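This report refers to the structure that appears directly beneath it.
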Amino acid sequence: MFEALKAIPQDPILAMMLSYREDTNPNKIDLGIGVYKNNQGHTPIMQAVQWAESRLLERETTKSYTAPAGSPLFNELVSKLVFGADHPALSDGRIVSAQTPGGCGALRMGAEFLRGCNSESRVWVSTPTWANHVPLLGGAGLEIVEYPYYDYENKSIQFDAMLDSLEGAKAGDFVLIHGCCHNPSGADLSREQWDAVADVLERKGLIPFVDMAYQGLGSGIDEDAYGVRMLAARMPEMLVATSCSKNFGLYRERTGTLFIVGANAEQTRNAGSQLFSKIRSHYSMPPSHGAAIVETILADEKLETLWLDELEGMRNRIQELRQGLVAKIAASDIEGDFSFIQQQFGMFSFLGITPEQVEALRTQHSIYMIDSSRMNVAGLNDQCMDYFVDALNKVLKGR
């Protein structure tokens, strides 16, 4: 049976990880892998996470199974984090949540749920979008349709084109929207643009599916959740996928959440029963450890304050790196306006160079990024910033 199988090309990002590890250049820079790094180039364990884990080691009494929905306390606390403790959708019982294996698990189970609701519905995704969105959603059998989002030439959102494209959606279609820190562009909707999108969704009978993997790394915990909270108040139905990988640094613990918002408590309970049945038939129940860490932090005022302080430090560092990079490029003799980088949010931005120039950075200077020129700004630091700008200057001048 296996004789006819052909090898699938390795994922470009994973292939780049391997090349980076094998590179012996002491000045090599990894701007491709989507993880936060500190000024020493490491992805540290947050102190709040370490303290929570120590507490778990002392107090945890079982490794028995959880339910398909995961930990009730985790779901409750993360619901308040995402929607706000006083959100009317929470008090009205319009939100049901499931702890999932990472944000990927939330997206896939959301897609499986939607496929079960209406197999004819389509899901609209931005151009560009995170590379794994299409495999996760399309793999569940959903038809994928694209709407324009990022203008590569002007380094901004094609907002009018986005709204015009969504006019072609039909009632019952789902629209995937990045909640904050758009991956890969870093270009986020303003509050006015969120409101305008909501107007179209309401008028057309479209259902938002918000992916918010970076809450707290853009403008702030509450600020980054504006779109989610506004839509949950205005729309009768929506889905939200979130991740604890970035804002808690729990990448390998695979901790995420899927929320379903219904028109009323009864419909939401029915939707939850359908979702939990889907989960049971896929992975049965989620892993526990990461969720236990998060709920330990959010249930303790001191740990939560420590976590929020650490998260603020990460967010500020990313913005400072953006500002510092723009300033250093402006001070060099590189031609062009790179100020858009400091106007964007989160870890990612398109540098705006060609695939050939990206290849030159990699082969000549050991600087690694995706061929599209999407770079992880958090991969820069005080030690390598000058080297990066000098290498960019040489490549752009063909030297």
Side-chain angles (χ1 to χ4, degrees), residues 36 38 43-63 66-67 69-100 102-103 106 179-181 212-230 232-233 240-259 261 286-319 346:
Y36 175 81
N38 61 18
T43 302
I45 300 174
M46 298 175 79
Q47 189 174 22
V49 169
Q50 291 180 320
W51 288 4
E53 282 194 301
S54 297
R55 189 174 300 178
L56 284 173
L57 287 174
E58 295 174 357
R59 300 180 182 179
E60 196 172 43
T61 59
T62 182
K63 295 293 184 182
T66 62
S71 165
L73 180 57
F74 169 85
N75 287 328
E76 175 189 348
L77 294 172
V78 176
S79 296
K80 293 178 179 178
L81 182 70
V82 171
F83 293 93
D86 300 323
H87 198 288
L90 280 173
S91 56
D92 293 344
R94 293 181 50 228
I95 300 176
V96 64
S97 55
Q99 172 199 334
T100 58
C180 64
C181 306
M212 189 166 62
Y214 300 91
Q215 185 183 6
L217 285 173
S219 300
I221 285 289
D222 295 321
E223 293 84 351
D224 291 346
Y226 173 79
V228 166
R229 297 175 183 181
M230 178 271 296
V240 182
T242 69
S243 170
C244 297
S245 293
K246 286 78 179 179
N247 52 10
F248 285 88
L250 295 174
Y251 298 93
R252 65 176 58 176
E253 303 299 347
R254 312 310 302 135
T255 306
T257 318
L258 175 64
F259 301 95
V261 182
S288 171
H289 188 66
I293 293 170
V294 172
E295 70 179 45
T296 300
I297 292 171
L298 295 181
D300 183 285
E301 184 176 351
K302 290 183 178 179
L303 282 182
E304 183 182 25
T305 299
L306 174 60
W307 167 67
L308 288 171
D309 288 344
E310 291 182 275
L311 183 60
E312 181 181 13
M314 294 163 62
R315 179 173 66 249
N316 290 341
R317 178 175 177 272
I318 292 171
Q319 287 302 318

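This structure is a prediction, so every number in the text was calculated from the model and none was measured.
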From S243 atom OG to R254 atom CZ, the distance as rounded to the nearest 0.5 Å:
6.5 Å

F248: partners by ring pair (Phe, Tyr, Trp, His ring centres under 6.0 Å), with sequence neighbours left out
W307

Indicate yes or no: at least one non-hydrogen side-chain atom of V82 is less than 4.5 angstrom from one of T257.
no

Side chain to side chain contact (heavy atoms under 4.5 Å, CB included) partners for A291, two or more places apart:
F74, Q99, T255

Could you check whether any side-chain N or O of R317 sits under 3.5 Å from a backbone N or O of N38, counting only pairs where one atom can act as donor and the other as acceptor?
yes

Atom pair CG/OH of D224 and Y214 - distance to nearest 0.5 Å
12.5 Å

Is H289 reaching over with its side chain to a backbone N or O of E253, donor-acceptor style, under 3.5 angstrom?
no

Within this structure, what is the NE2-CG distance for the pair H87 and D92, rounded to the nearest 0.5 Å?
10.0 Å

How about V78 and S97: do any of their side-chain heavy atoms sit closer than 4.5 Å?
no

For A241, side chain to side chain contact (heavy atoms under 4.5 Å, CB included) partners two or more places apart:
A106, L107, F209, D211

What pairs with V49 under side chain to side chain contact (heavy atoms under 4.5 Å, CB included), at least two apart in sequence or on another chain?
I45, M46, E53, L250, I293, I297

Please identify each residue that fulfils salt bridge (Lys or Arg N to Asp or Glu O under 4.0 Å) with K63, with sequence neighbours left out.
E60

Reported CZ-to-OG distance for the pair R252 and S245, which is rounded to 0.5 angstrom
11.5 Å

Can you list every side-chain hydrogen bond (donor to acceptor under 3.5 Å, both in side chains) pair that touches residues 290-300, not counting sequence neighbours?
R55-D300, S71-E295

State the CD1-CG distance between I221 and L81, to the nearest 0.5 angstrom.
5.0 Å

Just by modelled atom types, is the G218 backbone N or O under 3.5 Å from a matching donor or acceptor in the E223 side chain?
no

